[in-house]
S.K.: 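This structure is in structure tokens; I'll ask about it shortly.
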Amino acid sequence: MNVRNDTLATSVCKIELVVEIQPSQDMDRQHILLLGATGASGLAFLDAYSESAQKPKLTLYIRPRSTSKLPQWATNKSGIRIVEGNLDDEQALRTALSASQDQSFPAVTTIISFLGAYLSLQAVFTRDQSHPIADTFQRAILPAMKDCKVSRILVLSTPTAFSLPDEQKKMSWKWWFYTMIPLLLAPQGNAEMKGIAEAVVKAGAADDKLDWTVFRVPHLTDDNPHAKVIAGSLDRPFEGGTDLSRGSLVRWVLGEVEEKNWVRRAPLLGNA
Ligand SMILES: NC(=O)c1ccc[n+]([C@@H]2O[C@H](COP(=O)([O-])OP(=O)(O)OC[C@H]3O[C@@H](n4cnc5c(N)ncnc54)[C@H](OP(=O)(O)O)[C@@H]3O)[C@@H](O)[C@H]2O)c1
């Protein structure tokens with residue numbers, strides 16, 4: 001994705017933060033719409049949610065055939081609502097973003113997306129770079145979000161989601177090599193990741209009230225969920241590693257929902 005430099009100057013911060021999550025009084029006023037809840041990161045998010053002291057309301061937007069992937073406890077817990085629908089189902093999206101009729105769920109305040117493509121061997125050979133998920137952001141998710149007056153969105157993407165001249169020049173060889181891997185081995189997944197980031201940044205360029213964060217993740221693992229997360233950029237020596245545990249990722253995301261340190265920015269994350 002090529003994003004203009006003036007957009008990027010405001011998009012990517014040049015500082016690094018080590019984040020430790022503290023429970024907050026404000027989280028119980030949040031209502032989060034989770035996209036990708038049935039994936040490995042989404043399930044890690046539900047684990048972290050179950051442990052958190054202050055629980056936001058949660059709506060899980062799930063493909064109809066995927067509801068069985070959710071843990072049983074999440075399907076009948078008060079404070080969690082499940083809405084079934086495909087990503088291009090505008091009516092279902094609006095339902096998921098709106099307050100419930102009985103007012104037990106207020107309107108959504110924040111969208112979090114852990115959506116992404118599955119690895120496909122076929123795409124390696126065909127060099128498929130289609131991005132159906134990213135297309136639904138542009139066509140359905142972001143417009144529904146705007147209609148429903150939701151102003152905060154945090155989406156998962158990949159380290160090379162942005163073509164930053166500074167980052168490319170100053171990237172270490174280790175990171176340069178690392179960023180080649182998804183390009184070569186996951187062309188379709190990489191296209192989705194870039195497309196999602198591009199759709200969100202583009203929507204933000206057209207609407208300065210859109211508080212977006214694109215968190216760029218390296219190799220995701222199921223290691224220590226409480227590992228420290230470093231957030232920064234690739235345009236200077238980045239102290240985070242090329243691994244990120246999903247547990248630490250989701251805790252970082254939960255912290256960012258309330259702390260808003262990276263609004264209209266695209267931090268690269270890695271474990272210390
Ligand atoms: N693994 C890595 O090292 C790595 C590194 C960088 C980026 N990523 C990206 O990060 C994403 C998240 O990783 P993960 O391992 O947590 O996720 P994952 O287990 O691959 O789960 C993907 C999620 O996206 C949903 N999804 C996929 N295609 C969809 C579609 N067409 N419509 C609606 N939902 C769809 C899945 O829903 P269903 O359950 O309904 O299928 C699932 O909830 C990956 O998909 C990958 O592209 C991964």
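Please read these numbers as outputs of a predicted model, since none were measured by experiment. Both ligands and their constituent atoms are indexed starting at 1 by order of listing.
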S.K.: List the protein residues in contact with ligand 1, where contact means a heavy-atom separation under 4.0 angstrom.
M.R.: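 The answer is Gly36, Thr38, Gly39, Ala40, Ser41, Arg63, Ser66, Lys69, Leu87, Phe114, Leu115, Gly116, Ala117, Tyr118, Ile133, Leu156, Met193, Val217, Pro218, His219, Leu220, Arg246, counting any residue whose heavy atom sits under 4.0 Å from ligand 1.
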S.K.: Between Asp28 and Lys55, does at least one N-O distance fall below 4.0 Å, as a salt bridge requires?
M.R.: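 No.
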S.K.: Would Arg265 and Glu256 pass as an ion pair if we require N to O under 4.0 Å?
M.R.: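 No, Arg265 and Glu256 are not salt-bridged.
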S.K.: By the ring-ring contact (aromatic ring centres under 6.0 Å, His included) test, which pairs, at least two apart or in different chains, include something from residues 30-85?
M.R.: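 Applying ring-ring contact (aromatic ring centres under 6.0 Å, His included) to every pair that reaches into residues 30-85, excluding sequence neighbours, yields His31-Phe105, Phe45-Phe114.
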S.K.: Under 3.5 Å, is there a donor-acceptor pair linking the side chains of Asp102 and Ser104?
M.R.: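 Result is yes, a qualifying pair exists.
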S.K.: With sequence neighbours excluded, what pairs up with Ala140 under the side-chain contact (heavy atoms from CB on, under 4.5 Å) test?
M.R.: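 For Ala140, the residues satisfying side-chain contact (heavy atoms from CB on, under 4.5 Å) (neighbours in sequence not counted) are Glu90, Leu93.
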S.K.: With sequence neighbours left out, write down each residue that passes side-chain contact (heavy atoms from CB on, under 4.5 Å) with Lys260, or none if nothing qualifies.
M.R.: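 Arg152, Asp211, Val263.
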